[in-house]
Chemist: 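For reference, the structure I am asking about is given below.
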Amino acid sequence: MRLLDLLFPERRNSAVIAKDRLKIVLAHERASRDAPEFLPALQKDLLDVVSRYVEIRDDTLRINVGKSADTSLLEINVEIDRSKVKPVNNNGAAARPRPLPPVRLEPESQAPWVKPG
Amino acid sequence: MGGGGRRESLYGVCWGKGGGLLAKVIVLTSGKGGVGKTTSAAAIAAGLALRGKRTVVIDFDVGLRNLDLIMGCERRVVFDFINVINGDAKLNQALIKDKRNDNLYVFPTSQTRDKEALKRDGVERVLDELKENFDYIVCDSPAGIEHGAITALYFADSAIIVTNPEVSSVRDSDRIIGILASKSRRAEHNLEPVQVHLLLTRYSLERVKKGEMLSVEDVKEILSIPLLGVIPESETVLKASNTGTPVVFDQESPAGRAYLDSVARFVGEQREMRFLQPERRSIFRGLFGRA
């Protein structure tokens, strides 16, 4: 930022504002465009599971899919407030919901969002 | 295309199914309307024809025919694209030969309100027939991301993204680039991806210098696709459309010369970017202007 931009913020020219706004909106749109289709459903399921044990809000669980040359990385971030951790009841099975059927991972198959080649 | 033989371009040589050469399908697309797609399609097609390439320019904007007016052949339209797709007319009955250049043909669209009339298999059949007779097939896409626009870009080998240095146009261009990478025939069949090029139109160096308009570097950085050309905002563009003359036929027009440079780059020539003199730096600009 130039000296005069600091002194008079309204001097920041409109082309710079346009570029900054575009960069932000396009970063967001590209991320959602490239994301695998199951992501919203996965986010909802994860939220259900985590919230059985810990009180969390919708916006404190974030999922990202990062891509580099030959690997995809599924990143899940959950912000937890320590004071809101629910006690886990080891005896009372009724307190815990029925477990979901186990997920089988086949080593041969690629993750669905990895493009072949 | 008569003789065959190798045809060199920026992207190497295109070979057809039976070993013969195939014409290159170029789409001019933008997402946003009013950025200069039809003007650019007419200019690029005429520019290719001026270089001796047999070229046909097709209007894909079903219901809103306008390429005929820009090309100055609106009174010679008898049959159209939909007639040929439906088998109501032969290709050579619908193609209009340009009166200024023997290599140039115009393929007008229909004024029907039935947008779905542009069936994909029908379009493919017509394009395959055109490929036998032309070096380049230039497709003028309608605005938007609906059926017509998707059909126009589906068969493309390369795409020219017509963009204005303005936020909504740049955003829509980004969207179209994404669609080309996922919804085109090349994407669906895992072929070499569609080659995309940026054509920045209605550019005003004066306004860029004043910091009122996104610069060519800004748009290149945001879209990160190779730059084919920059067309300066010019009064001669309206004059050309008033008279139905592709702007490249106007020797005096800066926009026309910029289009000819873009065509030269498209076929693989090196041309310096004109109308983009580097900004002179001074203490004054350093203090007030941009980096």
Side-chain angles (χ1 to χ4, degrees), chain A residues 1-44 62-75 106-117, chain B residues 31-32 145 161 163-183 186-193 198 200 203-225 279 281-291:
Chain A
M1 202 175 264
R2 306 271 148 188
L3 174 64
L4 282 176
D5 293 342
L6 287 169
L7 294 174
F8 307 100
E10 69 274 18
R11 275 188 167 276
R12 207 166 84 99
N13 70 46
S14 63
V16 176
I17 298 170
K19 189 179 177 185
D20 291 347
R21 290 175 62 220
L22 269 170
K23 277 185 164 174
I24 292 165
V25 73
L26 289 184
H28 190 80
E29 286 179 358
R30 284 170 188 162
S32 56
R33 188 166 73 202
D34 297 339
E37 281 171 27
F38 61 78
L39 220 55
L42 176 64
Q43 176 150 15
K44 190 180 162 294
R62 271 181 236 102
I63 306 186
N64 273 311
V65 179
K67 251 185 227 163
S68 62
D70 53 353
T71 51
S72 291
L73 180 75
L74 179 68
E75 183 187 23
E106 289 172 22
E108 293 301 305
S109 65
Q110 281 185 313
W113 60 86
V114 179
K115 280 194 178 162
Chain B
K32 191 176 181 299
I145 51 171
I161 314 294
T163 308
N164 290 167
E166 180 270 328
V167 285
S168 52
S169 175
V170 175
R171 182 197 213 171
D172 291 358
S173 292
D174 191 73
R175 188 83 197 279
I176 280 287
I177 294 166
I179 291 172
L180 279 159
S182 61
K183 299 265 193 315
R186 285 178 169 271
E188 284 186 358
H189 290 80
N190 274 322
L191 303 169
E192 280 279 293
L198 173 63
L200 199 58
Y203 195 73
S204 164
L205 190 60
E206 286 304 304
R207 302 199 73 184
V208 170
K209 280 184 173 171
K210 282 190 211 153
E212 295 174 358
M213 182 180 268
L214 288 166
S215 71
V216 56
E217 286 79 19
D218 290 340
V219 181
K220 258 173 73 180
E221 183 190 327
I222 293 167
L223 293 178
S224 52
I225 57 172
E279 289 176 48
R281 291 191 63 86
S282 66
I283 297 168
F284 190 78
R285 282 203 70 83
L287 195 62
F288 288 85
R290 309 179 37 221

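Letters go in sequence order (proteins before strands), and every chain restarts at 1.
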Chemist: Between atom CD1 of Ile17(A) and atom CG of Leu214(B), what is the distance when rounded to the nearest 0.5 Å?
Modeler: 11.0 Å

Chemist: Measure the spacing between CZ of Arg30(A) and CD1 of Ile177(B) and express it to the nearest 0.5 Å.
Modeler: 7.5 Å

Chemist: Taking side chain as C-beta onward, heavy atoms only, is Val25(A) less than 4.5 Å from Arg171(B)?
Modeler: yes

Chemist: Return the option, out of Val219(B), Asp174(B), Val167(B), Val170(B), with the maximum number of heavy-atom pairs under 4.5 Å with chain A.
Modeler: Asp174(B)

Chemist: Should we count CD of Glu188(B) as having more than 12 external heavy atoms under 6.0 Å?
Modeler: yes

Chemist: Look at Lys23(A), Arg21(A), Glu29(A) and state which one has the largest set of heavy-atom pairs under 4.5 Å with chain B.
Modeler: Glu29(A)

Chemist: For chain A, which of Glu221(B), Glu212(B), Arg175(B) has the most heavy-atom pairs under 4.5 Å?
Modeler: Glu221(B)

Chemist: Going from NZ on Lys210(B) to OG on Ser14(A), what distance comes out if it is rounded to the nearest 0.5 angstrom?
Modeler: 11.0 Å

